[in-house]
Asker: 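Could you have a look at this structure, given as structure tokens, before my questions?
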Amino acid sequence: MTLPPFHLAFPVDDLAAARAFYGEMLGCREGRSSDEWIDFDFHGHQIVAHLAPGSSGDRASNHVDGHGVPVPHFGLVLAMDQWEALAERLRAAGTRFVIEPTIRFRGKPGEQATMFLRDPAGNALEFKAFADAGQLFAK
């Protein structure tokens, strides 16, 4: 299935820190930029870090499977091997996780590997993977 790329603009308080995190840590290719924003290729999707000091970070959390999940958040559903490689890269870099890499809903429909972290501006990201990709929308 071919999906259209999504576009997400989000606030950051430091473009250099955003460039280091998204570009170097997560490996997102940089597109256009200005003194106020940077486009990144987020696995084929366009995300744009906009300079907006004091506007980033989450506002709330929801209780999901024993964890306080930050809201709002965004991220990607990766293949399991990509998720495992990213988790190892982030651990090796000393990343402080909001929710450590774990398996959620074990033994239930929608079982998934998941991890939550924050970018330097405090925006929450979730990366997840399914052993069975057909379980993405399982009830």
Side-chain angles (χ1 to χ4, degrees):
M1 172 171 61
T2 302
L3 297 174
F6 71 80
H7 166 83
L8 174 70
F10 58 97
V12 299
D13 53 10
D14 181 332
L15 288 177
R19 183 173 273 125
F21 179 79
Y22 289 96
E24 296 168 25
M25 176 64 69
L26 296 183
C28 298
R29 184 178 59 83
E30 187 174 320
R32 295 175 302 277
S33 66
S34 79
D35 292 341
E36 301 290 321
W37 52 269
I38 306 169
D39 281 350
F40 292 102
D41 178 346
F42 195 59
H43 289 256
H45 304 285
Q46 184 190 47
I47 61 172
V48 186
H50 281 271
L51 190 58
S55 299
S56 58
D58 59 302
R59 310 293 179 264
S61 66
N62 284 330
H63 187 77
V64 179
D65 197 36
H67 297 282
V69 171
V71 178
H73 66 265
F74 68 96
L76 289 170
V77 178
L78 301 169
M80 190 61 76
D81 61 335
Q82 293 174 309
W83 184 89
E84 291 168 343
L86 178 59
E88 280 307 308
R89 191 165 70 243
L90 292 168
R91 282 184 178 126
T95 300
R96 268 189 33 186
F97 292 94
V98 174
I99 299 174
E100 292 280 337
T102 189
I103 303 297
R104 181 190 291 165
F105 310 125
R106 191 178 295 276
K108 298 177 182 173
E111 179 178 312
Q112 60 195 258
T114 186
M115 62 182 140
F116 283 82
L117 57 137
R118 294 187 189 282
D119 72 8
N123 295 303
L125 289 94
E126 177 185 19
F127 293 93
K128 61 172 71 178
F130 293 81
D132 176 358
Q135 291 287 301
L136 182 61
F137 297 107
K139 292 183 178 187

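Each residue takes its place number in the sequence, starting with 1.
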Asker: Can we call the ring centroids of Phe10 and Tyr22 under 6.0 Å apart?
Answerer: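 Ring-ring flag for Phe10/Tyr22: true, centres closer than 6.0 Å.
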
Asker: Can you find a pair of side-chain heavy atoms, one from His45 and one from Leu76, that are under 4.5 Å apart?
Answerer: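 In contact.
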
Asker: In this structure, would Phe127 and Leu8 fall into the same cluster of hydrophobic residues linked by side-chain contacts under 4.5 Å?
Answerer: yes

Asker: Looking only at atom types and distance, does a side-chain atom of Ser61 sit under 3.5 Å from a main-chain N or O of Gly68, one as donor and one as acceptor?
Answerer: no

Asker: Are the side chains of Leu15 and Trp37 in touch, meaning some heavy atoms are under 4.5 Å apart?
Answerer: no

Asker: Hey, quick one: are Val98 and Trp83 part of the same hydrophobic cluster, counting side-chain heavy atoms closer than 4.5 Å, chains of contacts allowed?
Answerer: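 The answer is no; the residues belong to distinct hydrophobic clusters.
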
Asker: Has the side chain of Glu88 got a donor or acceptor atom that lies under 3.5 Å from a matching backbone atom of Glu84?
Answerer: no

Asker: Using side-chain heavy atoms (C-beta onward) and a distance below 4.5 Å, is Glu30 in contact with Arg19?
Answerer: yes

Asker: Keeping Asp39 on the side-chain end and Gln46 on the backbone end, is there a donor-acceptor pair under 3.5 Å?
Answerer: no

Asker: For the residue pair Gly110 and Ala138, what are the closest heavy atoms and their distance?
Answerer: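 Result for this residue pair: N-CB, 3.8 Å.
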
Asker: Rounded to the nearest 0.5 Å, how far apart are CZ of Arg104 and CD of Glu111?
Answerer: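 Spacing of CZ (Arg104) from CD (Glu111) equals 12.0 Å.
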
Asker: Is there a continuous path of hydrophobic side-chain contacts, each under 4.5 Å between heavy atoms, that joins Ile47 to Leu26?
Answerer: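 Result: yes, single cluster for both.
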
Asker: A side-chain contact here means heavy atoms from C-beta on lying under 4.5 Å apart; do Leu125 and Phe74 qualify?
Answerer: yes

Asker: Going through the checks in order, is the side chain to side chain contact (heavy atoms under 4.5 Å, CB included) test met by Glu126 and Val69?
Answerer: CA-CA 9 Å; Glu126 177 185 19; Val69 171; 5.7 Å; no

Asker: For Ala52 and Pro11, which heavy atoms make the closest approach, and how far apart are they?
Answerer: CB-CB, 3.8 Å

Asker: Which atoms form the tightest heavy-atom contact between Pro109 and Gln135, and what is the distance?
Answerer: CA-OE1, 3.5 Å

Asker: If you count every heavy atom of other residues, nucleotides or ligands that lies below 6.0 Å from Asp35 atom CG, does the total exceed 12?
Answerer: no

Asker: Give the minimum heavy-atom separation between Met80 and Ala131, together with the two atoms involved.
Answerer: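 Nearest pair, atom of Met80 first, then Ala131: CE-N, 3.6 Å.
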
Asker: How long is the straight-line distance from NZ of Lys128 back to OG1 of Thr102, given to the nearest 0.5 Å?
Answerer: 13.0 Å

Asker: Which pair of heavy atoms, one from Leu51 and one from Pro53, lies closest together, and at what distance?
Answerer: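 For Leu51 versus Pro53, the nearest heavy atoms are C-CD, 3.8 Å.
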
Asker: Considering all heavy atoms of both residues, which atom of Ala87 and which atom of Phe97 are nearest to each other, and what is their separation?
Answerer: O-CZ, 4.5 Å

Asker: For Phe21, run the side chain to side chain contact (heavy atoms under 4.5 Å, CB included) check against Val12, Asp14, Leu117 and tell me which one passes.
Answerer: Leu117

Asker: Give a yes or no on whether Phe130 and Val64 share a hydrophobic cluster (residues Ile, Leu, Val, Met, Phe, Trp, Tyr; joining criterion: side-chain heavy atoms under 4.5 Å apart).
Answerer: no

Asker: Please answer: with hydrophobic residues joined when any side-chain heavy atoms are less than 4.5 Å apart, are Phe42 and Leu78 in the same cluster?
Answerer: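 Cluster IDs for Phe42 and Leu78 match.
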
Asker: Could you tell me whether the side chain of Arg89 and the main chain of Met25 form a donor-acceptor pair under 3.5 Å?
Answerer: yes

